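Basis for what follows: all heavy atoms, side chains included, without hydrogens, waters or symmetry-related copies. Within every chain, numbering begins at 1; the chains are lettered A, B, ... in the order of the sequence lines, protein sequences first and strands thereafter. The structure displayed is predicted, hence computed values, not measured ones.
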Amino acid sequence: MINKQVASVAEAVADVFDGATVMVGGFGEAGSPIELLHALIDQGATDLTVVNNNTGSGEVGLAALIKAGRVAKMICSYPRTTNSTVFPELYRSGRIELELVPQGTLAERIRAGGAGIPAFYTQTAVGTPLEEGHERRTFDGCDYLLAHGLTADFAIIKGRTADQHGNVVYNKTARNFAPLMAMAATTTIVQASAVVSLGKLDPEVIVTPGIFVDRVIAVVDPEHESALVAAGVSYR
Amino acid sequence: MINKQVASVAEAVADVFDGATVMVGGFGEAGSPIELLHALIDQGATDLTVVNNNTGSGEVGLAALIKAGRVAKMICSYPRTTNSTVFPELYRSGRIELELVPQGTLAERIRAGGAGIPAFYTQTAVGTPLEEGHERRTFDGCDYLLAHGLTADFAIIKGRTADQHGNVVYNKTARNFAPLMAMAATTTIVQASAVVSLGKLDPEVIVTPGIFVDRVIAVVDPEHESALVAAGVSYR
Amino acid sequence: MTDQPQQIGLTRDAMAQRVALDIRDGAYVNLGIGIPELVAKYVPEGREVIYHTENGLLGMGPSPEPGHGDPELINAGKRQVTANPGAAFFHHADSFAMIRGGHLDLCVLGALQVAANGDLANWSTGGPDAIPAVGGAMDLVAGVKTIYVITQHCTKKGDPKLVGACGYPLTGLGVVDRVYTDLAVIDITDRGFQLVELSPGVSFDYVQERTGAPLIAVGGAPVIGSTEP
Amino acid sequence: MTDQPQQIGLTRDAMAQRVALDIRDGAYVNLGIGIPELVAKYVPEGREVIYHTENGLLGMGPSPEPGHGDPELINAGKRQVTANPGAAFFHHADSFAMIRGGHLDLCVLGALQVAANGDLANWSTGGPDAIPAVGGAMDLVAGVKTIYVITQHCTKKGDPKLVGACGYPLTGLGVVDRVYTDLAVIDITDRGFQLVELSPGVSFDYVQERTGAPLIAVGGAPVIGSTEP
């Protein structure tokens, strides 16, 4: 019978391999799967390509993973935020690669990857420096750029409540990229504040159906990035 | 202040014009906005292009609109179903045009239209008769067809509950195409069994945010197509 | 397995039962309209299979008790169904994202013709008076990882449905993995049709005579029902 | 309107208040980070405006009372906000479908430079040591029906921000509809910058001297605050 719940965050990320592409849920700290990220640091996988809107803040969560030298390349829309110092330092010294993608194109590329769409056209970035490398094409008198679907080996995301089939609901603006990343990754790993028994989630309100989820781990009282940063915590 | 509720189904569809493209929610009878369709028949607009997965059944709802001679063209994936006789007769006698689109491509074309994506690539229909007229292109060694976003002047759809801002939730598999059509139409008209006051719908469970909706009409106890057909009802 | 000594070949239910044996625990499965719908009844004890219907439901259950259905809870064949615990509703774009994105493990479909290279024709006879209707068939065969076909081996007229090349309009190119008929289980391989199992009382030659392309025999194909896969 | 006789030109709050006058009842609006965020405070009584934040909320309300925030209820600037009655949460693809699909009526953004043809530069100074970061700015200017820019008329060094052609990397081509500065309200027209209103105590020539392209005067531009739009 289907039970996607695993026993620990360590078990949840055990098979992330060197060189993997990992999508990490979250916009700023909202939806950032801190505990899974710290488990990934402990696990040791390196040379990762990470997809996230930002690059983390302070020296916890995603920023800690970057600081630990595990990330070869970031694909994101906004790599500098308040309290974000780790990425800028590595980037300026040429020790991390950056693929900058407009936020909406990034979101749609991830959805396309998950939906089996290899490419689509978007008006975003036409005539800007970020047009570089993209085919331009005219439809109905307007110019658009070709953007490619984006997939990943793993997605690590944070939900509010999940069940054993991997159905997930989210908390407020912590939803952001997570439902898209769950679709786009070969293996999707969800940390949720509660894992409830089957049938407790109303089928009408499920945001991520379990078909997109491979593993669920309960992290009952997850850390908040801003609180850790304010407390001066540095992971590793 | 924002109040999208209108007083009658007649008022809701009053401005549908001859030659308009109208997306009609529903898959079979699930989600078919019978009362809005009947109001549209009464209203008289003709030469319509209608987008729906099917072509209605019996002589009520969408089938009645077609029978009344108001539909010049159907865009759909499956124009023949049990109890569907109106469309086949008109089609065989060359009095209605058909654009046949695979169901998933139809859904994605509508979403693309609503999301500002003029075109995307899909593997569906490669090498089949429905490839005709579509550009073929190879990505990573696989062949795909170009499909264009689809928009409409009006969408008429059926929800379970709505509020004055036009937020909508649906009933079970009656959801189907409705949230996509709401995005893709210039004017989206929703009939809902209940229109509740602002704040009664949990922001976490809203399926169609009000930004996609222009008019809401309460149809408290909507008819079911199958019951009407079984009762031998013929509208007009 | 249902025993039908009066006829040669499996009944529809026996064919469905044979397909069900090949569905693994935990699989996400879409069943086409018609004979494929019967498969759900025969999934062996101890296996949990999650059924997807492309009109927006994952976790589809059986038909409702009489009087307990909802005309807005239906399957792709427009028949009333139920939702199992753990089910989820979603819109059509999300539903076909599951299909097109390769998230479903298996789809079981009917067929008009299957070619030795895996081409499938199951949506139109191409007749001049036919109303063309494709539904989600082309999306399913293009997107789902594994495609099983369940079909009578021959048409009512006795013509082979397993052919060298499809004469009817195609649903997809090279998409079929395995065919379950009343006479045999046959894999689509790089070399063409390859016999996997024979129905009870059916010989290789009997099947080959009714197949429109060469049938490859590898070792002794077991009789359906004689082994426990 | 805030009265600041000691300085020439409007304060940031007065600029925001001027923009707010042009937002119609029932509008769906996205406010950029910085000065644009101030606009929400000044929407006139009797108008209901629905704020979109691209990280997944429609119906964004003001900052929470101290101690009542949720670190997972934030705006695009990553600051804690609230959700008004009638709000809805959604994922990033749906959020940018609203933007790219032209469903938002208005976006108010800051700027580094605005060109007379409506080109906008607001995401990068292009410096060799700058960390490039674009966020949702390119999506917003490409997708939202009307783009207002709110900005100081000149840089801190005194260089014009309204220019003949942008020197900084572009965010979008020909996207800006109107610019609100501390000195004036200026429309982007087919003929270039066209004066709409002047700030109190500011002359046409004063603005033209600080503008890097010709400024078109049509009739007597009224003083900001002297009329009730």
Side-chain angles (χ1 to χ4, degrees), chain A residues 1-5 23 107-120 149-152 155 159 161-170 175 179-188 190 195-216, chain C residues 23-30 43-61 70 72-75 81-107 136 138-145 172 175:
Chain A
M1 311 304 278
I2 301 171
N3 187 352
K4 298 181 179 176
Q5 199 169 357
M23 293 178 170
E108 192 65 20
R109 286 182 61 192
I110 298 169
R111 181 189 174 278
I117 292 169
F120 61 92
L150 195 57
T151 57
T161 308
D163 66 20
Q164 296 105 307
H165 277 192
N167 293 302
V168 186
V169 297
Y170 300 90
R175 187 182 305 193
L180 314 172
M181 292 175 168
M183 293 168 66
T186 305
T187 301
T188 293
V190 178
V195 180
V196 298
S197 57
L198 219 56
K200 291 287 183 193
L201 290 174
D202 179 355
E204 296 280 15
V205 312
I206 288 168
V207 176
T208 294
I211 192 171
F212 298 126
V213 173
D214 298 278
R215 292 170 207 154
V216 172
Chain C
I23 302 181
R24 68 165 179 76
D25 186 34
Y28 289 90
V29 176
N30 184 295
V43 170
E45 284 288 318
R47 296 189 203 171
E48 188 174 13
V49 174
I50 297 185
Y51 296 102
H52 171 268
T53 181
E54 58 264 37
N55 54 313
L57 169 60
L58 200 61
M60 179 175 64
D70 182 334
E72 297 198 318
L73 176 45
I74 60 175
N75 67 9
V81 294
T82 50
N84 289 330
F89 296 109
F90 33 82
H91 62 51
H92 249 78
D94 282 349
S95 185
F96 280 84
M98 293 175 192
I99 293 170
R100 200 188 306 100
H103 300 283
L104 289 166
D105 297 300
L106 174 65
C107 181
M138 288 185 184
D139 307 282
L140 284 162
V141 300
V144 178
K145 290 172 198 157
V175 294

Nearest heavy-atom contact between D25(C) and M1(A) is OD2-N, 3.0 Å

For N75(C), the side chain to side chain contact (heavy atoms under 4.5 Å, CB included) test, sequence neighbours excluded, returns E37(C), T53(C), M60(C), R79(C), V81(C)

Residues H103(C) and M183(A): closest non-hydrogen pair is CE1-O, 2.8 Å

One should read off an interatomic distance between E48(C) CD and Q164(A) CD, to the nearest 0.5 angstrom, of 9.0 Å

Residues passing the side-chain hydrogen bond (donor to acceptor under 3.5 Å, both in side chains) test with D70(C), sequence neighbours excluded, are N171(B), K172(B)

### Greater than 12 external heavy atoms within 6.0 Å of K145(C)'s NZ
yes

Ranking V205(A), I117(A), I211(A), I206(A) by heavy-atom pairs under 4.5 Å to chain C gives rank one to I211(A)

The interface call for L104(C) against chain A, heavy-atom contacts under 4.5 Å, is both

If you tally heavy-atom pairs under 4.5 Å between each of N167(A), V207(A), L201(A) and chain C, the highest tally belongs to N167(A)

Cut-off 4.5 Å, heavy atoms of chain C, and the answer for K4(A) is side chain

By residue number, those in residues 91-98 of chain C with heavy atoms under 4.5 Å from heavy atoms of chain A are A93(C), A97(C), M98(C)

Minimal heavy-atom distance between F90(C) and P209(A), with the atoms involved, is CD2-CG, 3.9 Å

By salt bridge (charged side-chain N to carboxylate O under 4.0 Å, His left out), E72(C) pairs with (sequence neighbours left out) K158(B)

